[in-house]
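All values reported here derive from a predicted model rather than from experimental measurement.
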Amino acid sequence: MSNKFIGKSVKRVEDKRFITGKGRYTDDINLPGMTHAYILRSPYAHARIRSIDTSAAAAMQGVVTIMTGDEVGHYGVPCGWQVNFKNGETMKEPPHPLLVKDKVRHVGDAVVMVVAESREIAQDAAEAIIVDYEVLPAITDASKAVEAGAPLVHDDVPNNICFDWEIGNPKAEVDEAMASAAHITTLEFVNQRVSPNAMEPRSYIGHYDGVYDKYTLYTSTQNPHLIRLLMCAFVLGLPEHKVRVVGPDVGGGFGSKIYHYTEEALVTLAAKKTGRPVKWTETRSEAFLTDAHGRDHVTKAEMGFDGDGKIVGLRIKTFANLGAYLSTFSTAVPTYLHGTLLQGLYTTPKIHLDMTCVFTNTTAVDAYRGAGRPEATYLLERLLDLSALEMGVDPAELRLKNFIPAFDGVTQPGYQTNVALQYDSGNYHGVLQRGLEMLGYEDFRKAQKEAAASGKLLGVGFSTYIEACGIAPSAVVGSLGARAGLYEVGQVRVQPTGKVSVFTGAHSHGQGHETTFAQVVADRLGIPMEDVDIIHGDSDTVAFGMGTYGSRSLAVGGSAIMKSLDKIIEKGAKIAAHKLECSPDDIEFTDGKFTVKGTDKSLGFGDIALTAYVPHVYPANLEPGLDFSSFYDPTNFTYPFGCHIAVVEVDKETGATKVKRFIAVDDVGNVINPMIVDGQIHGGLAQGIGQALLEGVEFDGNGQIINGSYMDYAMPRADDLPMFELDRQVTPCPHNPLGVKGAGEAGCIGSTPAVVNAVVDALWSAGHQVKDIRMPLTPERVWSAMQ
């Protein structure tokens with residue numbers, strides 16, 4: 001690498017079209033003869049369908065077709081991850097129909113799809129459809145859904161339990177460790193349900209070309225190839241080579257656009273049926289009702305300490321709400337993306353998690369930014385700060401005492417946890433000590449006392465987190481129940497003029513791939529960034545891919561590109577050696593030149609590219625062309641970590657909380673573009689602070705979402721946030737060629753517990769010994785806690 005571009009804050013090349021309104025999203029696409037779909041949804045959380053009368057709607061002018069569950073009831077979307085019961089029984093996997101024909105199971109469940117000449121006509125026709133419902137009692141709380149007598153979401157799933165699961169040391173060993181503890185901190189809490197709220201609502205267009213018998217699906221997805229695979233192999237049974245899936249510009253995902261949704265299959269079916277393109281774009285209200293939600297855990301956790309403040313055990317019981325149906329990755333989130341992170345940064349010798357995953361009459365729950373790791377971090381970091389308050393010790397000192405010692409993963413082995421994972425490299429003391437320096441900890445504690453004397457409540461909250469990113473390797477996730485591999489594909493095609501086209505299976509929906517990947521390629525090949533074009537999001541153009549989520553784009557997708565770049569250079573060296581009349585072993589490649597070692601004889605990268613396609617002077621037995629594709633399947637996850645510190649002021653008269661400072665010291669391994677990493681950290685912090693103070697999906701007793709619009713759902717805004725104070729430490733990942741770990745989710749993993757810990761610290765400073773306040777920490781909830 002030349003380091004000409006890597007490590008530089010290059011401005012994002014894709015922003016020119018995004019900030020000038022020139023992005024091309026799915027809803028911007030209009031095809032000749034296109035029709036529009038509207039989906040009639042259940043107004044009830046739980047009800048039997050007695051009858052559906054579509055006659056009046058079908059007679060309306062402009063209606064093209066109407067589809068009901070009787071027509072498509074045998075099709076349904078699958079779950080992508082099988083997790084079985086403790087006793088080995090297969091998890092309960094009830095069907096998730098494209099359109100319901102018997103019993104609706106959450107508000108917003110799809111019942112009828114109307115296709116018409118315009119969206120307005122389709123909506124008017126849908127309102128003329130009469131559905132006769134028999135309303136049934138609903139259940140929305142996972143911990144109560146398992147109780148005897150609770151309404152059954154699926155009649156053949158006893159106690160609404162999809163599966164139960166455990167991880168860690170045998171429970172008896174943990175019980176024994178806890179029995180010996182000098183102090184046990186117990187915390188019962190709810191990690192509330194949140195709504196993802198991507199800027200662009202979901203949108204799909206189905207198109208069928210009868211001449212070539214070929215389907216095309218335009219979709220606002222994070223994962224075009226996986227959508228094609230699921231739709232062809234598991235949902236519609238279409239031949240994969242006859243299906244093209246295109247994910248154009250996508251306006252954010254935060255996890256909610258990873259999954260295969262029923263509407264993607266419906267517009268594809270309708271396009272074949274009608275012979276015309278069919279577009280469906282959701283409203284923001286539909287997004288609240290149907291986009292997979294995140295979090296929703298009910299937990300009791302206990303952490304035991306010996307007389308010196310060393311953790312001796314951790315015991316957890318959690319109920320995870322999966323919603324009414326299994327979404328694509330839903331079963332992996334509370335288990336392998338959550339339970340396996342419960343070692344945190346600590347040497348905790350005994351850990352046991354008992355997890356029960358439950359169906360309720362709510363929207364499906366799946367991966368939301370961080371996906372399981374924020375829930376694990378929240379659990380651990382709330383326990384650490386609360387334990388410090390209860391034991392009267394400093395929360396920073398308590399962490400430093402229990403941290404895993406530093407290791408680089410090269411000269412020292414990775415750290416094997418008690419919950420299956422082996423961390424790659426880490427220096428956890430370093431990020432906390434840097435955070436404390438930035439905070440000015442001693443001065444803060446003095447200021448806190450002075451503020452209390454003048455009637456102000458100041459608090460500080462710590463959170464030191466670790467996450468598993470670069471989701472892979474395939475063999476590991478396969479053994480854990482994944483029904484797909486999690487490698488990535490990178491193809492590098494050098495054009496005859498030396499310009500470079502890169503095809504990646506990673507999909508960008510705001511992360512800046514066109515800039516970051518171009519930096520990597522330009523740096524490796526020693527060419528200008530302007531000579532590199534990054535192509536993604538089209539299953540007919542890119543060989544294959546597993547999409548973007550879990551902070552895997554650079555660690556897995558970037559590494560696949562690096563493998564192809566190495567092949568390009570290796571072949572280029574053979575061509576150069578032939579032209580320069582030396583052995584390929586005597587060629588070195590630096591700064592875009594193939595040079596005979598120890599001489600001034602060299603050829604530029606462009607010369608070799610042209611020779612590869614005009615092979616008049618060319619090595620024998622070497623194919624023309626300069627184009628390589630690689631699959632990369634890493635040997636381990638990557639493990640970013642960091643320290644987040646929040647300083648808050650709580651108004652003791654109203655309970656209102658103001659975040660005064662927020663410090664984030666993150667270690668995401670090597671950094672390709674610091675500005676993009678900072679931007680991703682900023683976005684994550686906003687989401688994490690939003691969960692702590694503002695956001696939360698609320699249901700009433702009938703299963704209705706009572707805050708399903710921006711009038712009621714409090715998204716964080718700029719004036720809710722302080723100027724973020726960021727710094728970085730670099731501990732390279734030892735097992736991928738770029739040494740990167742991933743930064744997309746760090747902000748929202750560490751920030752939520754830091755803010756809640758800070759509010760609790762503020763209240764304890766005034767004598768209110770509150771153990772927990774349910775998120776979001778509204779003024780009313782904080783005020784009530786002080787009474």
Side-chain angles (χ1 to χ4, degrees), residues 5 8-31 34 196-205 207 216-225 227 244-254 256-258 277 279 281-282 284 287 490-493 495 499-523 527-542 545 547-549 553-554 557-558 561 672-684 686 718 743-744:
F5 297 106
K8 304 295 191 299
S9 291
V10 178
K11 287 186 178 179
R12 296 183 4 147
V13 298
E14 52 268 74
D15 281 351
K16 183 177 180 180
R17 68 177 190 276
F18 291 155
I19 65 176
T20 58
K22 301 291 175 54
R24 191 167 186 248
Y25 302 87
T26 299
D27 196 52
D28 294 325
I29 299 171
N30 292 298
L31 303 176
M34 191 163 71
N197 286 296
M199 188 179 293
E200 178 204 14
R202 290 189 292 124
S203 181
Y204 310 127
I205 302 171
H207 178 250
T216 300
L217 172 68
Y218 298 91
T219 170
S220 53
T221 183
Q222 299 174 221
N223 213 341
H225 290 83
I227 300 304
R244 176 190 178 199
V245 175
V246 182
D249 286 333
V250 174
F254 310 122
S256 71
K257 293 175 182 169
I258 300 174
K279 177 191 282 188
T281 299
E282 70 180 354
R284 185 59 68 180
Q491 180 185 5
V492 178
R493 179 179 299 160
Q495 310 290 356
K499 311 302 181 188
V500 177
S501 300
V502 178
F503 303 84
T504 174
H507 183 277
S508 179
H509 37 280
Q511 291 88 346
H513 292 176
E514 292 169 42
T515 305
T516 307
F517 286 162
Q519 287 181 257
V520 170
V521 174
D523 216 83
I527 60 177
M529 275 185 64
E530 294 75 17
D531 288 356
V532 182
D533 195 19
I534 305 297
I535 298 119
H536 63 89
D538 187 335
S539 65
D540 266 11
T541 304
V542 180
T548 291
Y549 46 88
S553 293
L554 259 181
I561 293 171
I672 306 299
N673 187 318
M675 186 163 56
I676 287 179
V677 168
D678 284 353
Q680 297 207 4
I681 297 292
H682 279 204

Restricting to side-chain contact (heavy atoms from CB on, under 4.5 Å), what partner residues turn up for Met199, sequence neighbours left out? none
Would you check if the side chain of Gln222 reaches a backbone N or O of Lys257 as a donor-acceptor pair within less than 3.5 Å? yes
Take Leu217 and Tyr204 through the side-chain contact (heavy atoms from CB on, under 4.5 Å) test and state the conclusion after the steps. CA-CA 7 Å; Leu217 172 68; Tyr204 310 127; 4.2 Å; yes
Got a donor-acceptor contact below 3.5 angstrom from the Glu514 side chain to the Ser508 backbone? no
Residues in side-chain contact (heavy atoms from CB on, under 4.5 Å) contact with Asp538, at least two apart in sequence or another chain: Arg244, Val246, Asp540, Thr541
In chain order, what residues pass the side chain to side chain donor-acceptor pair (under 3.5 Å) check against His513, with sequence neighbours excluded? Ser553
Please check this pair: side chain of Glu282 against backbone of Pro201, looking for a donor-acceptor N/O pair closer than 3.5 Å. no
Taken to the nearest 0.5 Å, the spacing of Lys8 NZ from Met675 CE works out to 13.0 Å
Using the test ring pair (Phe, Tyr, Trp, His ring centres under 6.0 Å), find all partners of Tyr218 that sit at least two apart in sequence or belong to another chain. none
How close do Ala743 and Gln680 get, counting heavy atoms only, and between which atoms? C-OE1, 3.9 Å
How would you list, by chain and number, every residue that makes a ring pair (Phe, Tyr, Trp, His ring centres under 6.0 Å) with His207, sequence neighbours excluded? none
Residue list, salt bridge (charged side-chain N to carboxylate O under 4.0 Å, His left out) with Glu14, at least two apart or on another chain: none
In chain order, what residues pass the salt bridge (charged side-chain N to carboxylate O under 4.0 Å, His left out) check against Asp15, with sequence neighbours excluded? Arg12
Taking all non-hydrogen atoms of both residues into account, name the closest pair between Met34 and Ile29 and its distance. CE-O, 3.7 Å
Looking at residues at least two apart in the chain, or sitting in another chain, which of them share a salt bridge (charged side-chain N to carboxylate O under 4.0 Å, His left out) with Lys11? none
Given side chains that start at C-beta, do those of Arg284 and Asn197 come closer than 4.5 Å, heavy atoms only? yes
Residue pair Val500 / Asp531, side-chain heavy-atom distance below 4.5 Å: no
Rounded distance (nearest 0.5 Å) linking atom CD1 of Ile681 with atom CD1 of Ile676: 13.0 Å
Could you check whether any side-chain N or O of Lys279 sits under 3.5 Å from a backbone N or O of Leu31, counting only pairs where one atom can act as donor and the other as acceptor? no
Starting at CD1 of Ile535, measure out to CZ of Phe517 and round the result to the nearest 0.5 Å. 12.5 Å
Set of side-chain contact (heavy atoms from CB on, under 4.5 Å) partners for Asp249, sequence neighbours left out: Arg17, Phe18, Arg24, Tyr25
Can you name the one residue among Leu554, Thr515, Asp523 that meets side-chain contact (heavy atoms from CB on, under 4.5 Å) with Ile672? Leu554
By side chain to side chain donor-acceptor pair (under 3.5 Å), which residues pair with Ser501, not counting sequence neighbours? Gln495
Backbone N/O of Ser220 and side chain of Ser203: donor-acceptor pair under 3.5 Å: no
By side-chain contact (heavy atoms from CB on, under 4.5 Å), which residues pair with Pro196, not counting sequence neighbours? Ser256, Asp291, His293, Tyr368
Is any side-chain heavy atom of Val492 closer than 4.5 Å to a side-chain heavy atom of Ile561? yes
What residues form a side chain to side chain donor-acceptor pair (under 3.5 Å) with Gln511, not counting sequence neighbours? His509
With distance as the sole test, does His225 use its side chain to make a donor-acceptor pair with the main-chain N or O of Gly505 at under 3.5 Å? no
Kindly indicate, with the supporting measurements, whether the criterion side-chain contact (heavy atoms from CB on, under 4.5 Å) is fulfilled by Thr26 and Thr281. CA-CA 9 Å; Thr26 299; Thr281 299; over 6 Å; no
